[in-house]
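Computed from a prediction, not measured in an experiment: that's the story for all the values here.
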Amino acid sequence: MIRILLAEDDGAMRVYLERALERAGYSVTAVDRGTAALPLIEQERFDLLLTDIVMPEMDGIELAQRAGTIAPDMRVMFITGFAAVTLKAGKAVPQAKVLSKPFHLRDLVLEVDRLFDIGSASGLN
């Protein structure tokens, strides 16, 4: 099973994303900030870091850069509602996918499926 580490500081959004990804068949561990994600990356193996960019303590870009040194094979997807931040993320972590808010849950699941070459997302309308 593909394991996703979700770092999202907005509690409602975190629960929303976690449930959608779990319904799509992914194993999700969710944290509320980047500083909580780093120890998990050091201790466990994740296939994908799905992170908001704008968060307190450590933004998603710094988290992705630090995670890349710990787990270089882990894929990264950023989610953000700030267009200007998208450009910064693309330059800082060029191999990462960026999904801009607002997005439909189906779009998120389809993007994650594409990262892992999985067929169409079922169960999300």
TODO: Go through M74 and D47 one step at a time and tell me if the side-chain contact (heavy atoms from CB on, under 4.5 Å) criterion holds.
DONE: CA-CA 5 Å; M74 183 173 56; D47 301 293; over 6 Å; no

Open item on the list: Does Y16 form a side-chain contact (heavy atoms from CB on, under 4.5 Å) with L105? I'd like the steps, not just the answer.
Closed with: CA-CA 9 Å; Y16 188 63; L105 287 177; 3.6 Å; yes

TODO: Verify side-chain contact (heavy atoms from CB on, under 4.5 Å) between V28 and L50, making sure each step is shown before the conclusion.
DONE: CA-CA 10 Å; V28 181; L50 177 61; over 6 Å; no

TODO: Give the intermediate values and the outcome of side-chain contact (heavy atoms from CB on, under 4.5 Å) for residues R3 and T29.
DONE: CA-CA 8 Å; R3 299 190 68 220; T29 300; 4.0 Å; yes

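When all heavy atoms of L49 and A64 are compared, the closest pair comes out as CD2-CA, 4.0 Å. Minimum heavy-atom separation, L63 to A7: CD2-CB, 3.9 Å. When all heavy atoms of D52 and E8 are compared, the closest pair comes out as OD2-OE2, 3.3 Å. S27 and M1 get closest at one heavy-atom pair: CB-SD, 3.4 Å. Looking at every heavy atom in both residues, A20 comes nearest to V109 through O-CG2, 4.2 Å.
One finds the OG1 atom of T51 at 10.0 Å from the CE atom of M58 (value rounded to the nearest 0.5 Å). Taking CD1 of I4 as the reference point, atom CZ of F116 lies at 6.5 Å (rounded to 0.5 Å). Separation of atoms CG (L21) and OH (Y26) is listed at 7.5 Å; rounding is to 0.5 Å. Rounding to the nearest 0.5 Å places CD1 of I70 at 10.5 Å from CG of L40. For the atom pair CZ of R106 and CG of D113, the computed distance is 12.0 Å after rounding to the nearest 0.5 Å.
Side-chain contact between L48 and M77: present, with at least one pair of heavy atoms (C-beta onward) separated by less than 4.5 Å. Proximity of R14 to V31: side-chain heavy atoms (C-beta onward) are nowhere separated by under 4.5 Å. Put simply, the side chain of L99 reaches to within 4.5 Å of the side chain of L108, judged on heavy atoms. Side chains of I79 and V98 form no contact here, defined as non-hydrogen atoms less than 4.5 Å apart.
Panel note: side chain D59, backbone V54; no donor-acceptor pair is recorded below 3.5 Å.
When hydrophobic clusters are built by joining Ile, Leu, Val, Met, Phe, Trp and Tyr residues whose side-chain heavy atoms come closer than 4.5 Å, directly or via intermediates, V15 is not grouped with M55.
Scored by the salt bridge (Lys or Arg N to Asp or Glu O under 4.0 Å) test, R33 finds E57 as partners (sequence neighbours excluded).
Comment: E62 engages R66 in a salt bridge, judged by a side-chain N to carboxylate O separation of less than 4.0 angstrom. Between D73 and R45 no salt bridge is recorded (no basic side-chain N to carboxylate O distance below 4.0 Å). Taking a cutoff of 4.0 Å between a charged side-chain nitrogen and a carboxylate oxygen, R19 and E22 do not qualify as a salt bridge.
More than 12 heavy-atom neighbours from other residues, nucleotides or ligands sit within 6.0 angstrom of CZ on F103.
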